[in-house]
Amino acid sequence: MTKKFLKFLRNSLSRREDRKLNALKTFGHWLFPNYRFSWPQLDWWDDPEFNEYLRKFEEPDGFNTHRKWMLLQLLRLTSCVPGDTAECGVFRGASSWLICAANRSNKNYARVHHLFDSFEGLSEPSVLDGAHWAKGNLAVGEDLVRRNLENFGNIQVHKGWIPERFANCENIRFSFVHIDVDLYEPTRDSIEFFYDRINQGGILLCDDYGFTTCPGATKAIDEFLEGKPEKMVALDAGSGFLIKGISTATKDIGIGQYL
Ligand SMILES: C[S@@+](CC[C@H](N)C(=O)[O-])C[C@H]1O[C@@H](n2cnc3c(N)ncnc32)[C@H](O)[C@@H]1O
């Protein structure tokens, strides 16, 4: 009897969940016709440690959670690739925190994580960057980043305008590089410097890839990869990555011809 009642209650609640989701979708389409909802039944949405991490960086229900989850998954792919890690464009250190956590738990290598940022926000956008960004946006002090990463020992902070401080890492090999500077020029300079220094099987992830707010960043990456075997794999929630040494078909494989 109790079991039957519990089953009935569970079914009713899950039906209510569906109804709430449908109401949200209907209201959402009215407000924002092109918006695409995704299924909420994802186990990582309730992952306690990941949610604690999001709260630490004040992002529990923000717009960046999917990409942060993806970053964590991609780091796992490079656990057996030798080399240091780097982030170009650090802001408050949320992505670097995940990279440092992966480095710390890696039993194969003692990696150093290199952080590159002006700590004065974005550089001057070029005509290729559209109208979304302005010089000085997203400025965060180095002190805050150092505090946010204080649990991790193996970090090197390279303060300055990209590419000024890349020379510090001239002779270093990398397993994972995260580029997140929003604009054409620093994205181009970053991929130009790091591509040859990433080991076979290592990953280059660009957070801004595919965002219509960051047309310059997407262009810089695509231009650089012309003629290279690797191409960016674009992720559904924004951002894209390549695996060094893995040949990839071009973006447009022409699905239109089969429609
Ligand atoms: C979107 S934020 C980075 C977000 C960070 N990766 C995260 O996951 O939270 C962009 C960062 O790029 C830095 N930046 C932009 N242009 C730069 C340049 N030319 N040189 C150095 N840093 C730059 C900004 O200071 C800012 O911290």
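Throughout, numbering of the chain's residues begins at 1 and tracks the sequence. Every number for a ligand or one of its atoms is a count from 1 in the order of the listing.
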Is the closest basic N to carboxylate O distance between R67 and D207 below 4.0 Å? yes
Does the Q156 side chain pair with the main chain of V112, one donor and one acceptor, at a distance under 3.5 Å? no
Sorted by chain and residue number, the residues having a heavy atom closer than 4.0 Å to an atom of ligand 1 are K68, E87, G89, V90, F91, A94, S95, D117, S118, G121, L122, S123, L138, G160, W161, I162, D180, V181, D182, P186
Do the charged groups of R146 and E150 touch, with an N to O distance under 4.0 Å? no
Does the Lys NZ or Arg CZ of K68 fall within the cation-pi geometry relative to W44 - under 6.0 Å from the ring centre and within 45° of the axis? no
Check whether NZ of the Lys or CZ of the Arg R55 lies under 6.0 Å from the centre of the six-membered ring of F57 and within 45 degrees of that ring's axis. no
Any salt bridge between K231 and D222, counting N to O under 4.0 Å? no
